[in-house]
Amino acid sequence: MMFPVWFLQTMVIGGTILCAVGAIALIAFLVLDNKDNQIW
Amino acid sequence: MIAQTILSPTIGYVMLALFSVLWVSLGVWWGRKSTSYDGFAVAGRNVGLALGTATAVATWITSNTTMLAPQFALQLGIWGALAYSTASFGLFAFAPMSGRIRELMPQGYTAVEFVRRRYGRLGSIPFLIISLFYALTWLVSMSMAGGKLLNVLSGIPYEVGMSVVVGVCVLYTLFGGMYAVIGTDFIQSLIILVGLVVVAIAVMTTVDLTEVHAELQADRPMLLSVLFPAALMTLFNNMLFGFGEIFHSNVWWSRAFAMRDKVGPKAYALGGLIWLPVPIVAGFLGLAAPALGIGVSQPDTVGPLVAATLLGSGGAVLVFVVVFCSLASSIDSLLAATSDLIVNDIAEPIAGGSVADAHKRRWSSLAIVGLGLFAWSLALPNLGTLATVLFFAGPMVGSCIWPILGGLYFRGASPIAACLAMVLGSVTGLIAYFAIGWFTASLIGAAVSGVVFAVTTLIVRDDFDFESLAGSDPIEPSGPAGAAS
């Protein structure tokens, strides 16, 4: 039994999207922390 | 030096110089904030969600993630990439623990300090040995990876690349302490995530995923197999290695102490979520190698080679930067966290009592320089066998999982149970490492440790008072078995 091609596609494309979302989320958190003066 | 590199040494030196100046400047800049020992060691205990999340992500993305995840995928297929990503479960599991740690020890500094106060010397001696073994071998292996990777990518001689990576990390950690470590982690995590996304998109536009699948199906069907025994074993082993690494290591505890109240659980959970896809995307580069016809002489450099081969010099620069950031984000964390162990858990107890902040600050600086020199001198001969020593730590850290969990949440967990669990788990795991294989060592170490811990706790119970952990560290436990009351 083998992993189907759709699984590979979901894994790779999904992973790439999550990485991009992660980078955006970090910047968003920084903006929010900065607003409340809570970076440090 | 290898025959052909993906980046010219000149560009390599320029990139190395640029990022070295950037990190050291930031270290000096943030160092202005670390006027007290609390500032230097735990960033004033006031780190917010953005930097807290980023430091969890960046620290856990080591150069192993960019080197070993593609190698896992190349050798163990889809399960290999998935197995590596299970290391994120450690961050998820540590999320509630970080809140508990912050609540129990608002003035704490290290994981060993917790074990010493919770279990007394019986628990803290094996735990300190395991912690130092893990931290030092990780530090040396990261230093070696730095020299090796910079050499593979740009032809910079191993000795020069390794010395610069270690030297730069020592300098900015020395100037800025935890402020510099966490601050640079934010920038490094962004660079790594964006770099990976750019590389993955570029690879996907060059080679179709159906082609990769077809190539694997024809030439290496085992890599697509759902039932690949060694890979399945690796999945559980890697997950437990991850649990053990995070639960025991002061790298993670020091961040729990550094984060503002209530921030730790959110930061670690979000950090795990952001980290989870990283080995999958990096692993994809390993899976794509056979379809791209890229010959791989050294399996652990398959990721950078695939990216650089497909993307040319721009991609090579990107890979170089991502790798440099991955290395720096781990080495600086290890230097800071291990120096905390040396100061708080070795030097201060030897000094016989509470030591002034100014002295601890000075000792920290000496410890950071000493650790840098130690790592540099062991990494310099470039003995390949040294890097594999890190894997011995798998069963050792795996055997710390239950004593830490039990110590944090159960009054009845006793010092003798913690000690026996760590010692017997480590010994059995190491035997399994040599007798069966590395992919079973953490699994067996954690399993034996769990059984020993449970059985011994049933026989010898403690009645620990968690409130006794709230004050500052009295250095010696106030009674047998760590202050039962």
Side-chain angles (χ1 to χ4, degrees), chain A, chain B residues 30 33 43-44 46-54 57 77-79 81-82 85 179 182-183 186 189-197 199-201 203-204 209-210 212-214 216-217 221 223-227 260 263 267 270-271 273-284 287-288:
Chain A
M1 200 163 109
M2 287 189 181
F3 282 109
V5 69
W6 64 261
F7 186 87
L8 179 69
Q9 287 167 331
T10 309
M11 196 177 92
V12 175
I13 296 169
T16 309
I17 291 170
L18 271 178
C19 282
V21 170
I24 295 165
L26 287 180
I27 295 168
F29 294 155
L30 190 71
V31 172
L32 291 174
D33 277 355
N34 190 41
K35 262 187 184 172
D36 303 331
N37 205 16
Q38 292 199 327
I39 290 181
W40 294 105
Chain B
W30 279 312
K33 293 172 75 73
N46 216 21
V47 173
L49 185 63
L51 298 190
T53 307
V57 175
I78 286 184
W79 275 126
L82 292 174
S85 71
Y179 279 115
I182 290 181
F186 184 84
S189 61
L190 279 183
I191 291 174
I192 293 166
L193 288 169
V194 171
L196 270 177
V197 169
V199 170
I201 290 173
V203 173
M204 279 189 273
L209 284 170
T210 48
V212 174
H213 190 272
L216 291 172
Q217 201 165 16
L223 299 186
L224 290 175
S225 174
V226 175
L227 302 169
R260 179 176 298 134
V263 164
L270 287 165
L273 209 55
I274 295 173
W275 190 90
L276 189 142
V278 170
I280 292 175
V281 175
F284 163 60
L287 285 175

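So you know, we letter chains A, B, ... as the sequences are listed, proteins then strands, and number each from 1.
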Tell me every residue that passes ring-ring contact (aromatic ring centres under 6.0 Å, His included) with A:Phe29, counting only those two or more places apart in sequence or in another chain.
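Here no residue qualifies.
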What is the distance from atom [atom1] of [X] to atom [atom2] of [Y], rounded to the nearest 0.5 Å?
X	Y	atom1	atom2	result
B:Leu273	A:Leu18	CG	CG	6.5 Å
B:Leu223	A:Met2	CG	CE	9.5 Å
B:Ile78	A:Leu8	CD1	CG	5.0 Å
B:Leu193	A:Ile24	CG	CD1	10.5 Å

Non-hydrogen atoms of chain A under 4.5 Å away: do they reach the side chain of [X], the backbone, both or neither?
X	answer
B:Ala214	neither
B:Val281	side chain
B:Pro221	both
B:Leu287	side chain
B:Phe186	side chain
B:Ile192	neither

Greater than 12 external heavy atoms within 6.0 Å of A:Asn37's CG:
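No, not enclosed.
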Are the side chain of B:Arg260 and the backbone of A:Ile39 linked by a donor-acceptor contact shorter than 3.5 Å?
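No; judged by distance alone, with no hydrogens or angles, the pair does not exist.
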Expected output: side-chain B:His213 to main-chain A:Trp6 donor-acceptor under 3.5 Å
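Pair absent, no side-chain N/O of B:His213 close to backbone of A:Trp6.
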Student check: side-chain heavy atoms of [X] and [Y] closer than 4.5 Å:
X	Y	answer
B:Pro277	A:Thr16	no
A:Leu32	B:Leu49	no
B:Leu82	A:Met11	yes

Give the minimum heavy-atom separation between B:Trp30 and A:Trp40, together with the two atoms involved.
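Minimum heavy-atom separation between B:Trp30 and A:Trp40: NE1-CZ2, 3.8 Å.
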Determine the minimum heavy-atom distance between B:Met204 and A:Ile13, stating which atoms define it.
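Here B:Met204 and A:Ile13 meet closest at SD-CG1, 3.9 Å.
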With chain B as the partner, which of A:Gly14, A:Cys19, A:Gly15 has the greatest number of non-hydrogen pairs under 4.5 Å?
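Most heavy-atom pairs under 4.5 Å with chain B: A:Cys19.
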Tell me, out of A:Leu26, A:Asp36, A:Asn34, A:Leu30, who's got the most heavy-atom pairs with chain B below 4.5 Å.
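Going by pairs under 4.5 Å, I would pick A:Leu26.
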